[in-house]
Protein chains: 2
Amino acid sequence: MKKSIGVNKRDNVKEFEQADSTTVSVDCVVFGYDGYGLKVLIMDCTMPHFKGYDSLIGELVLKSETLDEAAKRILQYWTGLDNLYLEQVKAFSDPGRHPLGRVISVAYYSLVQIDNYKIDPQLKDRLRWADVNELGQMAFDHYDILHSCLSTLQKKIREKPLGFSLLPKKFTLIQLQNLYESILSIELDKRNFRRKLTNLGLLIDLDELQQSVNHRPAKLYSFDFEKYRKKKSKGNLQFEI
Amino acid sequence: MKKSIGVNKRDNVKEFEQADSTTVSVDCVVFGYDGYGLKVLIMDCTMPHFKGYDSLIGELVLKSETLDEAAKRILQYWTGLDNLYLEQVKAFSDPGRHPLGRVISVAYYSLVQIDNYKIDPQLKDRLRWADVNELGQMAFDHYDILHSCLSTLQKKIREKPLGFSLLPKKFTLIQLQNLYESILSIELDKRNFRRKLTNLGLLIDLDELQQSVNHRPAKLYSFDFEKYRKKKSKGNLQFEI
DNA sequence: GTATCTTTGTGTCAATAAGACACTAAGATA
DNA sequence: TATCTTAGTGTCTTATTGACACAAAGATAC
């Protein structure tokens, strides 16, 4: 092995200027939950190579912005929503992943309260909520990106209170349980689940009942984000489901 | 909000061709453990802006390779080592992070058995093992990158058998415990730690004793990676420390 | 070869957490 | 008022975690 130069490229300003340059994009997996299953916001791809294929929401990154800022901008543009939970997952970099040339894409996922959100009418022929399990082949490597984000979500939702970003502010314990069951594809015991949740001490009992159901209405709760932050900063908390 | 175009940039070939392009690099946090503390392989930065600063091992990414390939190439170049544990952590993208222009850097960390590895004599005036805690200001945003990788390591080492990639193939239980204690900055109970490890059933008792210690020598073990893979694929395993 | 030194290696009990399990209570509707 | 549907609750068993102290093995010095 030769160390012929003894400097790495970064050290060398000239080599830097001649460096391979790349296009960078952000692709965003927008998850939503409608009470029945986990949904993803899917776009109809119009690019010639993948015309008609399902794709994620994504755009190229500008030189002047961070990736987080790009992801926020893209979400704002396509959903009109702001202040969503947003997390970087992984960079995808197969040189052949984009038919027009080298594009490295950084994947994010984000969580939306699906009930509070209506797809912009101007975009409604290009955007739809798809069931996670219904999606097969997609444009680019978006299927891989989606499933990579899904496994990250499955892991993180057990360690952090992400589930509450997918539910309405007021929710029932059964809705919460169903959410976990459908995201994790497991069954949970109702009583043990409730014991765990109430022992956490982070749910606020709103003393309100569910409306317009044709059976016994369930009690409504909300999640105490403030208390969660406090407990977490004091270090005496491990949220785990 | 205007949806004036109704297509995102990716769909549009012309816009793609005019897109902002970026330089992408990989920075690698190479962790090692010498029996006393967690070490990082540090390079002496020669770039004018950061002359003499500590930096991580990094290079620009080529157009023809994936990020994983770039990371492997960089590690191979600087350490001569191959087949190291390697994991992508996060992309760093502050537009001002590199003084020569826009460079997005993707951080990796990797694990080295420090005893099996000698720094190439040709590089030994530029490379050194530094104690994680001794490092302060570094070139670029490498201090942030280092600590981001460190927290990922701290989390992952409790869920996956990464510790064994930092130890010699034959190790004692006390070495293993010390490793966990110094990476996690916690104290562990000797008996409880051993109970947990032996209950995992993944250690091979080599029926050998430590050599050249001036006290009672400890028994040597090795980790049964094969059994780990089997158990993991059958799903009846949660490695957790 | 005996004494001393250093580090290794081991077991139990109490407290806490997790898992399994079935019926009554509440409100809606006919 | 009866019936339907879903909500909400408690106990027992088993598994896991945490706290804790001393004898055993080999190295070394005399």
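It should be emphasised that the depicted structure is a prediction, and the values quoted were computed from it without experimental measurement. Just so we're on the same page: letters track the sequence lines, and every chain starts at 1.
The pair B:D141-B:R97 counts as a salt bridge, with a side-chain nitrogen and a carboxylate oxygen less than 4.0 angstrom apart. Ion pairing between a basic and an acidic side chain is recognised when a charged N comes within 4.0 Å of a carboxylate O; A:E208 and A:K219 show no such pairing.
The distance from atom CZ of A:R194 to atom P of D:dA7 is 7 Å, rounded to the nearest whole Å. With rounding to whole Å, B:K196 atom NZ is found 20 Å from C:dG11 atom P. Counting to the nearest Å, the P atom of C:dT10 and the CZ atom of B:F193 are 14 Å from each other. Atom CG of A:N178 and atom C1' of D:dA7 are 13 Å apart (whole Å). Atom CG in A:D189 sits roughly 18 Å away from atom P in C:dA17 (whole-Å rounding). With rounding to whole Å, B:Y221 atom OH is found 12 Å from C:dT8 atom P. The distance between atom CG of A:L188 and atom C1' of D:dG8, rounded to the nearest whole Å, is 17 Å. Atom CG of A:N199 is separated from atom P of C:dG19 by 14 Å (rounded to the nearest Å).
Checking the phosphate oxygens (OP1, OP2) of D:dC20, no side-chain nitrogen or oxygen of B:R191 falls inside 4.0 Å. For C:dA18, the OP1/OP2 oxygens have no side-chain nitrogen or oxygen of A:R195 closer than 4.0 Å.
Under 3.5 Å, the side chain of A:K219 and the base of D:dG8 form no donor-acceptor pair of N or O atoms.
Side-chain contact between B:L166 and B:L179: present, with at least one pair of heavy atoms (C-beta onward) separated by less than 4.5 Å. The shortest distance between side-chain heavy atoms of A:L146 and A:F31 falls below 4.5 Å.
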Set out, line by line, the N/O atom pairs under 3.5 Å between protein and nucleotides 26-30 of chain C.
from	atom 1	to	atom 2	distance (Å)
C:dA26	O4'	A:R216	NE	3.3

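For residues 229-241 of chain B, every residue pair satisfying the salt bridge (charged side-chain N to carboxylate O under 4.0 Å, His left out) rule, not counting sequence neighbours, is listed here: B:E226-B:R229.
What you find for B:I114 and B:Y33 is that their closest heavy atoms are CG2-O, 3.0 Å.
Expressed to the nearest 0.5 Å, how far CD of B:Q88 lies from OG1 of B:T152 amounts to 11.0 Å.
In this structure, B:I174 reaches the sugar-phosphate backbone alone: every heavy-atom distance under 4.0 Å involves primed, P, OP1 or OP2 atoms, never a base.
Out of D:dC20, C:dG9, D:dA7, the shortest distance to the side chain of B:N192 is found at D:dC20.
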